[in-house]
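Sequential numbering from 1 along the given sequence is applied to the chain's residues.
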Amino acid sequence: MYDKLWLIPFFPLLGCIINGLLGKRFIKNEKVIGAIGTGAVFLSFLVSCKYFFQLLGDSVKTHENVVASWITVGNLHIDWGFLLDPLSAIMLLVVCGVGSLIHLYSIGYMHGEEGFYRYFSYLNLFIFAMLMLVLGNNLLVMFVGWEGVGLCSYLLIGYYFEKKSAGDAAKKAFVMNRVGDFGFLLGLFVIFWTLGSNHGVWTLNFVEISENAHLLSGDMMLGLGVTTVATLCFFLGATGKSAQLPLYTWLPDAMEGPTPVSALIHAATMVTAGVYMIGRMNVLFAMSPTTMAVVALVGALTAIFAASIGFAQNDIKRVLAYSTVSQLGFMFVAMGVGAFTAGIFHLMTHAFFKACLFLGSGSVIHAMHHAFHHAHLDDDAQDMRNMGGLRKKMPITWATFGISCLAISGLPFFSGFFSKDEILWWAFASSRGSLLIWGIVVVAACMTAFYMFRCLIMTFHGEQKTNAKAKDHVHESPWTITVPLIVLAGLATVGGLIGIPHAIDIAHLGNKLEAFLAPVFEHSQHLYKIEAHGSASTEISLMVLSVLIACVGICAAYFMYKKNPELPAKFTSKFPKFHRFIFNKWFVDEAYDVLFVNSTKKLGIFCWKGFDVKVVDGIVNGVAKVVGGLSSVLRHTQTGLFHNYALTMVLGTVVMVAIFILN
C-alpha cells in the first residue's frame, strides 16, 4: 500500500538533475525550466496527498518502506528506508504544498536572471533534501537530509556569488550549522552505543528507538542520565538548524539570497527541521525533564530577544527574518513544555503566513526594484523608509500581507490565533510549563504584533516616500507572484480550523489535528504524565488576555507609525544608546567576531606563519639544502662520458682485487 513513498523525494531530485544538466545548454527557455521545477514539486505534493488521505482511513498509522540495505558493519545495520506516520504526513504536505507555491512564485520573481536554470536546480535539490529528512526511518537517513538542507542553504543563500556579502552569508550559515550538526552526531552516537552495548539493541531506527527507550532510564553518563546527555546534544543540533540562541545569527544574514529562497528556508524547510526532529524523538525528550526545561527556556528567550531586534530594523526582509527566529522560539517552547501537537501546529500555520509574508515582501521588492530601474535610479528597494503608501498601487499584495500580519499576531480567528494560544495555554498549565515561560512568551506575542504592524504601516500606509521619479512606475506584480500570495493568505486565514481548542469548540467539531497526531505523541505524554491542567474558563480567560495584549501591540504600532509618524524619530533621539543597541542587534555579531571569528583567524595566521612557515617550511628547506649540498658533489659522478665510466669501473676492479689479495 505504501511501497511508492520513494516517488515523493524522487520527483524533485529528477527536476534538479534535468534543469542542472540540461537547463543551460539545451532547454534555455525560462517557462520550460520553471515548469519542470514547479511540476516536480507539485507531483510530490499529489503523491503526498494520496498517502495522507490513505493514512487517514487506515487503522494502522505507522508504515515503513525499506528501499535497500545501506550499511552493514559489525553490529551496525542501516537500511535506506522511509517512515510514514501522521507526523511525517503533515510535514510532507507543508513542504511540498508550500514549496510548490514558492516554485511557481519564483518563475515570475526570478525572470531574467542569468542563472535561472541553476536556481531551479538548487531549489529542487533543497526540497529533495528536506523530504529525505522528513521521510527517513532512522537517524542516519535523517542526517543525510539534515546535511543536505545545509548544503542547499549554502548554495541558495550564496546564489548571487559575485556579491561578497552573499558569499559571506552563505559561509556563515554553513559554518554555524556545522557547530550544531556536531551536537546531532554526538547524540546519535550516544543513543546507538548505549542502547547497543548496555542492552543489546543496536539500532538507529526511530520505531525501534521509541520501543526500547525505556531501557535507558537507569543509564548514566557524565553524571547525568543518558537520555539527558543525548537529547541535549540533539537540541544543540536543533539550535543551529532552527536558529535559536546562541546559534541564530546566520538566519538574518540569509536574506542575501533571493526572496523566494528566504520564504522556503524560513517557512517550509530548513528552519523547521529542529522542531520536527524533537517531535520525531519525543519519547527520548519526554524522558528528560531537564532537557525539556532547557528547550522551553531557550525558546522563550529566543522569542523575546529576536522580537526586540525586529523593533528597529528597516530592511523589510530582516524584520521578517527576526520574526522567524522569534516564532521558532514559540515552537520550541511548545516542545519544551510537552505540547508537541501545538508545536507542530504552529510550525504548519507559520509556514502559511510566513511564506505569504516573505513572498509579499518579495512582491514589494520586485515592484520597487523595477520602479527604480525604469527611473534610472540606484536606491535600496528593501528599505521600508523608501516605501509607504503602496496600498493603492499593490492592492493584492497589501491585502495578503495584512491578512498574514493578523495571523502572526494571533487575532481571532486567523490560523496563528489557534496555534499560538495553544502554546500559551500549555506554557501556563502544563506539568512541565511555568509562569516564567508563559510570561516571557506573552510579552513576545505583544512585541510580535507591534513590529509586524509597524512593518505593514511603513510599507503600505501613510505617505509614499519613494523617489518622485520612481513613484509612477510602482505597480502590482504578475499573476505568478499574486496567485501564490492569495492561496497562502487563504491558508493563513482558515488553516487553524483543524486545531480548534476544546475550550472554545462550541460547534463540537473536535481538534482534528490533535486526534490525527495522537498516535505519535500521546504515548509519551501519557507515560511520563505530561498534560495541561486547568479549567475551560481559565483557558478562555488566557485567550482573551493574549488577544488583548496583541491588540495593545497593534494599537501602539498604529499610534506611532500612522497617527504620529514623527514619534519614532523623537523616541530614538531621546534614547539614542538604547536604539543603537537594538538597531545593531545587541552587538551579538560583533561579540562573536571578537570571541570566535577573530581568535580563529589569529590561530590560523599563527599556524600559517608561526608553525607552517617557520617549522614545517624550515624543516623542508633545511632538508632541501642538505640534499642540495650532497647532490652538488655527487652530480660530478654523472658526467654522461663513456671513458669516465670505464675509468671508474677499472678503479673499482683494482680496489676489489686489492682487498681480495690483502685478505
**Report entry** Side-chain (Ser404) to main-chain (Thr400) donor-acceptor, under 3.5 angstrom
**Finding:** yes
Report task. Apply side chain to side chain donor-acceptor pair (under 3.5 Å) to the pair Asp181 and Trp146, showing each step before the final yes or no. Result -> CA-CA 8 Å; Asp181 295 352; Trp146 189 274; 2.7 Å; yes
**Report entry** His346 (side chain) donor-acceptor with Ala342 (main chain) under 3.5 angstrom
**Finding:** no
Requested in this report: Any side chain to side chain donor-acceptor pair (under 3.5 Å) involving residues 53-62? Give me the pairs, sequence neighbours left out, ordered by first then second residue.
Outcome: Tyr2-Asp58, Lys50-Gln54, Asp58-His63
Query raised in the report: Can you tell me how far CD1 of Ile157 sits from CE of Met255, rounded to the nearest 0.5 angstrom?
Result: 7.5 Å
Query raised in the report: Looking at Phe234 versus Phe285, is the centre-to-centre ring distance below 6.0 Å?
Result: no
Query raised in the report: Is Thr203 reaching over with its side chain to a backbone N or O of Asn205, donor-acceptor style, under 3.5 angstrom?
Result: yes
Query raised in the report: If you round to the nearest 0.5 Å, how far is OG1 of Thr231 from CE of Met277?
Result: 9.5 Å
Report task. Check whether the side chains of Tyr248 and Thr302 place a donor and an acceptor atom closer than 3.5 Å, and report yes or no. Result -> no
Report task. For the pair Thr269 (side chain) and Leu264 (backbone), establish whether a donor and an acceptor sit closer than 3.5 Å, ignoring hydrogens and angles. Result -> yes
Query raised in the report: Would a line drawn from the ring center of Phe52 to the ring center of Phe516 be shorter than 6.0 Å?
Result: yes
Query raised in the report: Would a 4.5 Å heavy-atom cut-off, applied to side chains only, mark Leu133 and Tyr276 as touching?
Result: yes
Requested in this report: May I ask you to check whether Phe116 and Phe120 place their ring centres under 6.0 Å from each other?
Outcome: yes
Report task. For residues Leu284 and Thr291, determine if any side-chain heavy atom of one lies less than 4.5 Å from a side-chain heavy atom of the other. Result -> no
Query raised in the report: So, Lys241 side chain and Ala273 main chain: donor-acceptor pair closer than 3.5 Å or not?
Result: no
Query raised in the report: Strictly by modelled atom types, are Ser363 and Ser477 linked by a side-chain donor-acceptor pair under 3.5 Å?
Result: yes
Query raised in the report: If we only count heavy atoms from C-beta on, is the Thr227 to Met281 side-chain gap below 4.5 Å?
Result: no
Requested in this report: Check for a donor-acceptor pair, side chain of Arg432 on one end and backbone N or O of Ala286 on the other, with a separation under 3.5 Å.
Outcome: yes
Query - Spatial distance of atom OG (Ser546) from atom CD1 (Ile423) [nearest 0.5 Å] - result: 11.5 Å
Query raised in the report: Does the Asn138 side chain pair with the main chain of Leu204, one donor and one acceptor, at a distance under 3.5 Å?
Result: no
Query raised in the report: Are the side chains of Trp80 and Val66 in touch, meaning some heavy atoms are under 4.5 Å apart?
Result: no
Query raised in the report: Is there a donor-acceptor pair under 3.5 Å between the side chain of Asn124 and the backbone N or O of Ser121?
Result: no
Query raised in the report: Do side-chain atoms of Trp426 reach the backbone of Val333 as a donor and acceptor pair under 3.5 angstrom?
Result: no
Requested in this report: State whether the side chain of Asp505 and the backbone N or O of Leu509 hold a donor-acceptor pair below 3.5 Å, judged by distance alone.
Outcome: yes
